[in-house]
J.: 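The structure that follows is given in the form of structure tokens.
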Protein chains: 2
Amino acid sequence: MTARQNFAYNLRSLRSTKGISQERLADLAELHRTYVSSVERCERNISIDNMEKLAAALGVDIRDLLQPNDNPSDRIR
Amino acid sequence: MTARQNFAYNLRSLRSTKGISQERLADLAELHRTYVSSVERCERNISIDNMEKLAAALGVDIRDLLQPNDNPSDRIR
DNA sequence: GTGTGACTTCTAGTCCGTA
DNA sequence: ATACGGACTAGAAGTCACA
């Protein structure tokens with residue numbers, strides 16, 4: 001369970017809870033749609049500035065996106 | 001008070017509380033001494049992987065390094 | 001022990017497309 | 001609405017010499 005995996009999982013989870021699309025989130029955070037997609041798929045080593053942008057776009061604290069969770073898919077890796 | 005500023009401040013603060021040098025921390029985290037220095041001075045837009053390395057080296061949770069604080073120097077900026 | 005500028009290598013991040 | 005690929009540019013990673 002890396003920080004990156006937690007971030008990816010929480011991002012997707014929070015985003016869909018709020019009912020917004022990757023595209024919309026990307027716009028709000030001023031990032032590219034495909035980039036948000038790759039972050040959620042845990043492919044990217046995101047920087048702190050962009051983590052903050054995404055957190056702000058979702059209206060949460062950056063630490064909320066780093067909260068440990070035990071999503072099954074992470075355990076597989 | 002950006003996430004970056006919080007991280008920088010907490011890193012330095014926690015590190016010196018533990019009484020270890022930048023050099024020692026860098027070794028523990030497998031990063032370069034001058035890189036740690038520049039992160040503490042808020043010059044670098046550090047990535048999540050390196051944040052995790054530093055947190056692990058200090059024996060704390062990554063979220064502890066993102067805790068908001070009201071250090072005076074940040075207010076000046 | 002730390003700060004800093006300069007530098008190269010590597011990847012983050014964008015933009016175009018297809019499915 | 002999302003995944004994924006290729007090609008590209010911006011910027012982070014990583015190192016060094018010197019103060």
Side-chain angles (χ1 to χ4, degrees), chain A residues 2-60 62 65-66 69 71-74 76-77, chain B residues 1-60 62-63 65-66 69 71-74 76-77:
Chain A
T2 64
R4 197 155 149 179
Q5 289 172 327
N6 285 328
F7 189 88
Y9 180 83
N10 291 325
L11 183 64
R12 171 160 291 178
S13 164
L14 268 168
R15 178 181 62 76
S16 54
T17 296
K18 303 229 176 201
I20 70 178
S21 66
Q22 288 179 348
E23 205 160 12
R24 174 85 182 118
L25 177 60
D27 283 349
L28 289 170
E30 293 182 300
L31 292 170
H32 202 271
R33 178 181 65 77
T34 60
Y35 181 67
V36 172
S37 168
S38 64
V39 169
E40 286 190 355
R41 280 176 288 120
C42 207
E43 276 184 357
R44 302 286 184 143
N45 185 14
I46 192 174
S47 71
I48 192 170
D49 286 0
N50 282 346
M51 292 169 71
E52 188 169 37
K53 279 190 190 177
L54 288 171
L58 286 174
V60 299
I62 189 173
L65 291 173
L66 288 165
N69 47 285
N71 60 89
S73 62
D74 278 356
I76 296 171
R77 305 195 181 185
Chain B
M1 283 289 279
T2 64
R4 195 157 152 178
Q5 288 172 327
N6 284 328
F7 189 88
Y9 180 82
N10 291 326
L11 182 65
R12 171 160 290 176
S13 166
L14 268 167
R15 177 179 63 76
S16 55
T17 296
K18 303 228 175 199
I20 71 179
S21 66
Q22 289 179 349
E23 208 158 10
R24 174 87 182 115
L25 176 60
D27 284 349
L28 291 170
E30 295 183 298
L31 292 171
H32 201 273
R33 176 185 71 75
T34 60
Y35 180 71
V36 172
S37 167
S38 62
V39 169
E40 286 190 355
R41 280 175 290 115
C42 208
E43 273 187 358
R44 301 275 186 147
N45 184 14
I46 192 175
S47 71
I48 192 169
D49 287 359
N50 281 348
M51 291 170 71
E52 187 168 37
K53 280 190 188 176
L54 289 170
L58 285 175
V60 299
I62 190 172
R63 288 171 299 167
L65 291 172
L66 287 165
N69 44 31
N71 61 88
S73 61
D74 278 355
I76 296 170
R77 303 196 182 184

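Owing to the predicted nature of the structure, the values given are computational and were not obtained by experimental measurement.
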J.: Consider the side chain of B/R44, meaning its heavy atoms from C-beta on, and name the nucleotide among C/dT2, D/dA1, D/dT15 that approaches it most closely.
T.: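 When the side chain of B/R44 is considered, D/dT15 is the closest of C/dT2, D/dA1, D/dT15.
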J.: Within the pair B/R12 and C/dG3, is there a side-chain N or O less than 4.0 Å away from OP1 or OP2?
T.: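 So the side-chain polar atoms of B/R12 do come within 4.0 Å of the phosphate oxygens OP1 or OP2 of C/dG3, strictly under.
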J.: Got a donor-acceptor pair under 3.5 Å from the side chain of A/T34 to the base of D/dC4?
T.: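 Between D/dC4 and A/T34, which were checked side chain against base, a qualifying N/O pair under 3.5 Å is absent.
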J.: Output the rounded distance in Å from CD1 (A/I20) to C1' (D/dT2).
T.: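 Going from A/I20 (CD1) to D/dT2 (C1'), I get 15 Å.
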J.: Quick one: closest heavy-atom pair of A/A29 and A/L54, and the distance?
T.: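 That closest heavy-atom pairing would be CB-CD2, 3.7 Å.
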J.: When you check the phosphate oxygens OP1 and OP2 of C/dG3, does a side-chain N or O of B/S37 lie under 4.0 Å from one of them?
T.: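 Yes, because at least one side-chain N or O of B/S37 sits under 4.0 Å from OP1 or OP2 of C/dG3.
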J.: Separation of B/E43 atom CD from D/dA13 atom P, in whole Å?
T.: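 These atoms are roughly 13 Å apart.
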J.: Is the phosphate of C/dT11, meaning OP1 or OP2, less than 4.0 Å from a side-chain N or O of A/N45?
T.: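 No, A/N45 has no side-chain N/O under 4.0 Å of OP1/OP2 on C/dT11.
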J.: Select one nucleotide: of C/dT4, D/dG14, C/dG17, the one nearest the side-chain heavy atoms of B/L31.
T.: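 Ranking C/dT4, D/dG14, C/dG17 by closest atom to the B/L31 side chain puts D/dG14 first.
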J.: If every non-hydrogen atom of B/N45 is compared with every non-hydrogen atom of A/S47, which pair is closest and at what distance?
T.: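 Where B/N45 meets A/S47 most closely, the heavy atoms are ND2-OG, 3.1 Å.
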J.: Rounded to the nearest Å, what distance is computed from the CD atom of residue B/E30 to the P atom of nucleotide D/dT15?
T.: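 So the two atoms are 11 Å apart, to the nearest Å.
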J.: Below the 4.0 Å mark, does C/dT2 have OP1 or OP2 next to a side-chain nitrogen or oxygen of B/R15?
T.: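 The answer is yes; a side-chain N or O of B/R15 sits under 4.0 Å from OP1 or OP2.
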J.: How many Å lie between CD on A/E23 and P on D/dA3, as a whole number?
T.: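 That distance rounds to 12 Å.
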J.: Using a 4.0 Å heavy-atom cut-off, does B/S38 contact any base of the nucleic acid, only the sugar-phosphate backbone, or nothing at all?
T.: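 Nothing: the residue B/S38, judged by heavy atoms under 4.0 Å, touches no strand.
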J.: Would you mind telling me which residue lines up with the more 5' stretch of DNA chain C, A/V39 or B/E40, judged by nearest nucleotide?
T.: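 Final value for this comparison: B/E40.
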J.: Reckon B/R24 touches a base, only the sugar-phosphate, or nothing at all at heavy-atom distances under 4.0 Å?
T.: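 Here B/R24 touches no strand at all.
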J.: Is the CZ atom of B/R63 crowded by more than 12 outside heavy atoms at less than 6.0 Å?
T.: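 Yes, because the 6.0 Å sphere around CZ of B/R63 holds more than 12 heavy atoms from other groups.
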J.: Return the minimal non-hydrogen interatomic distance between A/R41 and A/S37, and the atom names on each side.
T.: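 Shortest heavy-atom contact: NH2-OG, 2.9 Å.
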J.: Hey, does the side chain of A/R33 reach the backbone of A/D27 with a donor-acceptor pair shorter than 3.5 angstrom?
T.: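 The answer is no, because no donor-acceptor pair under 3.5 Å joins these two groups.
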J.: Please determine whether a side-chain nitrogen or oxygen atom of B/R33 lies at a distance below 4.0 Å from atom OP1 or OP2 of C/dG1.
T.: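 Result: no.
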J.: Locate the shortest heavy-atom distance separating A/A8 from A/V39; write the atom from each residue and the value.
T.: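 It is CB-O, 3.4 Å.
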J.: Report the distance from atom CD1 of B/I48 to atom C1' of C/dT11, rounded to the nearest whole Å.
T.: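 Interatomic distance, CD1 of B/I48 to C1' of C/dT11: 16 Å.
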J.: For the pair made of CG in A/N50 and C1' in D/dA10, what is the distance, rounded to whole Å?
T.: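 Between C1' of D/dA10 and CG of A/N50: 12 Å.
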J.: So, OP1 or OP2 of D/dA13: does either fall under 4.0 Å of a side-chain N or O from B/Y35?
T.: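 Indeed, a polar side-chain atom of B/Y35 lies that close.
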J.: Rounding to a whole Å, what distance do you find between A/H32:NE2 and D/dG5:C1'?
T.: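 Interatomic distance, NE2 of A/H32 to C1' of D/dG5: 14 Å.
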J.: When you get a sec, tell me which of D/dA13, D/dT2, D/dG5 is the closest nucleotide to the side chain of B/S47?
T.: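 Of all the options, the side chain of B/S47 is nearest to D/dA13.
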J.: For A/D49 and D/dG11, what is the distance between atoms CG and C1' respectively, to the nearest whole Å?
T.: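 The answer, rounded to whole Å, is 11 Å.
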J.: Consider the side chain of A/S21, meaning its heavy atoms from C-beta on, and name the nucleotide among C/dT14, C/dT4, D/dT2 that approaches it most closely.
T.: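 The closest nucleotide is D/dT2.
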